[in-house]
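Before any comments, here is the structure.
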Amino acid sequence: MLDGSGIDAVIDWFARAGRELPWRASDASAWGILVSEIMLQQTPVVRVLPRWQEWMRRWPRPQDLAEAPTADVLRAWDRLGYPRRALRLQACARAIVEEHGGEVPVGLEALRALPGIGEYTAAAVTAFAHHERAVVADTNIRRVLVRCVRGEAFPGSTFTASQRALATEVLPAETERSVRWNQAVMELGALVCTSRSPHCEVCPLAPHCAWLAKGRPADSGTRARTQAFEGTDRQMRGRIMALLREGPASRERIAQLRTDEADDRVPRCLDSLVADGLAVVEDRTVRLP
DNA sequence: AAGACGGGGTC
DNA sequence: GACCCAGTCTT
């Protein structure tokens with residue numbers, strides 16, 4: 001049962017044990033918070049930290065990023081992964097400049113219309129940057145709620161309608177408290193109620209947790225297999241991008257990235273990178289856009 | 001609803 | 001070597 005006292009326990013825990021992250025600082029801009037949310041999509045905090053610092057020093061306002069050469073943006077993205085996010089972030093900056101006067105828009109609908117911003121990020125920016133009440137549900141929050149209230153080990157890969165209903169139901173009515181709760185429960189999922197080996201012995205929700213009460217049963221259903229990475233197009237795209245970040249490369253140089261005679265990924269991946277706008281081919285040379 | 005899309009740390 | 005990470009976009 002997750003009642004007001006459970007909410008309080010998590011908020012108190014957060015005040016005590018929450019990390020001091022730069023995008024959580026009181027002087028963080030809405031734009032800085034939005035940038036952090038994009039970078040944190042599928043990328044852990046520790047790897048985002050140094051890239052975010054450099055990024056914000058270099059492009060403190062949407063207008064700055066909007067005007068930057070895309071090649072610089074992709075190099076600054078470095079190895080955060082999913083470089084299409086960097087492209088979308090710059091497109092997002094340009095949309096903010098052109099359609100919102102350079103200010104991060106307020107409201108879920110306006111935010112969701114921006115490139116790279118989906119349901120989660122729109123809610124996160126609404127809560128953390130604009131301090132409004134929003135149903136934030138990332139993988140951490142979904143896991144905590146599913147365990148605590150439903151007694152299940154894992155939330156699954158998709159944000160279901162019933163999970164949305166659960167998150168909505170639990171969200172405190174008062175704005176300030178809802179913002180604090182979102183922040184706190186997300187941090188709880190990141191630090192305590194982790195996917196692999198949760199630290200229930202220090203969890204503020206332990207007295208409220210249905211999953212713990214049931215003896216932490218393993219997942220009943222079949223868990224989705226993690227997709228392999230070795231030998232995939234994603235891996236090769238990453239290798240090509242790593243090469244291009246160092247500078248323009250000849251087609252011959254790119255072709256050498258093939259791992260063996262049977263590896264036919266290079267031409268296909270190069271085409272897909274060009275189609276995505278992540279690479280440009282002119283004559284026999286390949287470079288960042 | 002399922003698949004594509006990086007990269008690295010951890011157990 | 002599988003699993004996980006403040007998801008989004010496209011079929």
Side-chain angles (χ1 to χ4, degrees), chain A residues 14 18-19 21-24 28 32-52 74 77-89 91-92 111-129 134-145 153-161 163 167 179 182-191 193-198 218-219 222-245 265 268-269 271-273 275-278:
Chain A
F14 179 66
R19 293 167 292 184
L21 300 171
W23 45 85
R24 282 185 190 157
I33 291 168
L34 190 158
V35 170
S36 79
E37 292 299 342
I38 301 289
M39 289 184 172
L40 287 163
Q41 290 169 0
Q42 299 290 282
T43 304
V45 168
V46 285
R47 277 169 54 202
V48 165
L49 222 30
R51 296 293 99 232
W52 184 87
L74 289 172
W77 191 259
D78 197 35
R79 290 171 301 186
L80 286 180
Y82 294 143
R84 294 189 297 189
R85 286 185 295 164
L87 243 34
R88 292 191 189 122
L89 183 52
C92 181
L111 286 165
R112 284 230 38 182
L114 296 171
I117 297 193
E119 179 176 9
Y120 160 74
T121 305
V125 170
T126 294
F128 306 144
V135 178
V136 180
D138 73 325
T139 186
N140 290 309
I141 293 180
R142 294 195 297 119
R143 185 174 54 249
V144 173
L145 295 184
F154 298 103
S157 54
T158 53
F159 184 30
T160 64
Q163 285 176 19
V179 171
N182 281 327
Q183 194 87 82
V185 69
M186 188 181 301
E187 187 79 334
L188 186 70
L191 299 183
C193 191
T194 55
S195 183
R196 203 90 56 115
S197 46
D219 196 351
T222 56
R223 298 252 277 142
R225 285 271 154 246
T226 305
Q227 289 189 314
F229 182 58
E230 190 67 29
T232 61
D233 283 11
R234 259 156 67 215
Q235 179 190 45
M236 180 57 75
R237 283 168 57 103
R239 286 177 177 169
I240 295 173
M241 288 302 292
L243 189 57
L244 296 184
R245 281 196 298 271
R265 293 176 292 171
R268 182 174 62 248
C269 289
D271 283 350
S272 74
L273 288 172
D276 285 345
L278 287 165

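Since we're looking at a predicted model, the values are computed, not measured.
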Please answer whether the main-chain N or O of A/G156 pairs with a side-chain N or O of A/R142 as donor and acceptor at a distance below 3.5 Å. yes
Considering residues at least two apart in sequence or located in another chain, which fulfil the side-chain hydrogen bond (donor to acceptor under 3.5 Å, both in side chains) criterion with A/R79? none
Suppose you measure atom P in B/dC5 against the same atom in C/dG1; what distance do you get, rounded to whole Å? 23 Å
Could you check which residues of residues 36-45 of chain A get a heavy atom under 4.0 Å from DNA chain B? Sort them by number, please. A/Q42, A/T43, A/P44
Short side-chain N/O contact to B/dG8 OP1/OP2 from A/R79, under 4.0 Å: yes
Side-chain donor-acceptor distances from residues 120-129 of chain A under 3.5 Å, at least two apart:
unit_1, atom_1, unit_2, atom_2, d
A/Y120, OH, A/E37, OE1, 2.7
A/T121, OG1, A/Q41, NE2, 2.9
A/T126, OG1, A/A122, O, 2.8

Measure the distance from CZ on A/R143 to P on C/dG7 and round it to the nearest whole Å. 10 Å
Shortest non-hydrogen contact from A/A28 to A/W23? CB-O, 3.6 Å
Take the protein atom CG of A/L87 and the nucleotide atom C1' of B/dG6, then report the distance between them rounded to whole Å. 15 Å
Which residue lies more 5' along DNA chain B, comparing A/R196 with A/L278 via nearest heavy atoms: A/L278
Base, sugar-phosphate, or nothing for A/T121, non-hydrogen atoms under 4.0 angstrom? sugar-phosphate
Rounded off to whole Å, could you give me the CZ-to-C1' distance for the A/R239 and B/dC5 pair? 16 Å
When we call it a touch if two heavy atoms are under 4.0 Å apart, what does A/S197 touch: a base, just sugar-phosphate, or nothing? nothing
Which nucleotide in the set C/dC5, C/dA6, B/dG6 lies at the smallest distance from any side-chain heavy atom of A/S195? C/dC5
Taking A/R234 for the side chain and A/F229 for the main chain, is one N or O donor matched with an acceptor at less than 3.5 Å? no
Please list, chain by chain and in numerical order, all residues satisfying side-chain hydrogen bond (donor to acceptor under 3.5 Å, both in side chains) with A/D271, sequence neighbours excluded. none
A/G231 backbone acceptor or donor facing A/Q235 side chain under 3.5 Å: yes
Any residue meeting salt bridge (Lys or Arg N to Asp or Glu O under 4.0 Å) with A/R268, in chain and number order, not counting sequence neighbours: A/D233, A/D264
Inter-nucleotide C1' distance (C/dT10, B/dG7), Å rounded: 22 Å
A/D276 side chain to A/R84 main-chain N or O, any donor-acceptor pair under 3.5 Å? no
How many whole angstroms separate atom CZ of A/R51 from atom C1' of C/dC5? 18 Å
Main chain of A/M39, side chain of A/R85: is a donor-acceptor contact present, judged purely on distance under 3.5 Å? yes
Using atom C1' of each nucleotide, how far apart are B/dA1 and C/dC5 to the nearest Å? 22 Å
Please tell me which of the listed nucleotides, C/dA6, B/dG6, B/dG8, lies nearest to the side chain of A/Y120? C/dA6
Using nucleotides 9-11 of chain C, report all nitrogen or oxygen pairs with the protein that are shorter than 3.5 Å.
unit_1, atom_1, unit_2, atom_2, d
C/dC9, OP1, A/G116, N, 2.8

When the distance from CD of A/Q163 to C1' of B/dA1 is rounded to whole Å, what number comes out? 15 Å
Without decimals, in angstroms, what is the distance between A/Q227 CD and B/dG6 P? 12 Å
Distance, C1' atom - from B/dC11 to C/dA6, rounded to whole angstrom: 23 Å
If you compare every side-chain N and O of A/T232 against the phosphate oxygens of B/dA4 (OP1, OP2), does one of them come in below 4.0 Å? no
Any base atoms under 4.0 Å from A/W77, or only sugar-phosphate, or nothing? Heavy atoms, all strands. nothing
Rounding to an integer number of Å, can you tell me how far A/L191 CG sits from C/dC5 P? 13 Å
Between OH of A/Y82 and P of B/dC5 the distance, given in whole Å, is 9 Å
Return yes if the base of B/dG7 and the side-chain atoms of A/R47 contain a donor-acceptor N/O pair under 3.5 Å, otherwise no. yes
Determine whether a donor-acceptor pair (N or O, by modelled atom type, separation under 3.5 Å) exists between the side chain of A/R51 and the backbone of A/R47. no
Any donor-acceptor N/O pair under 3.5 Å between B/dG6 base and A/R234 side chain: yes
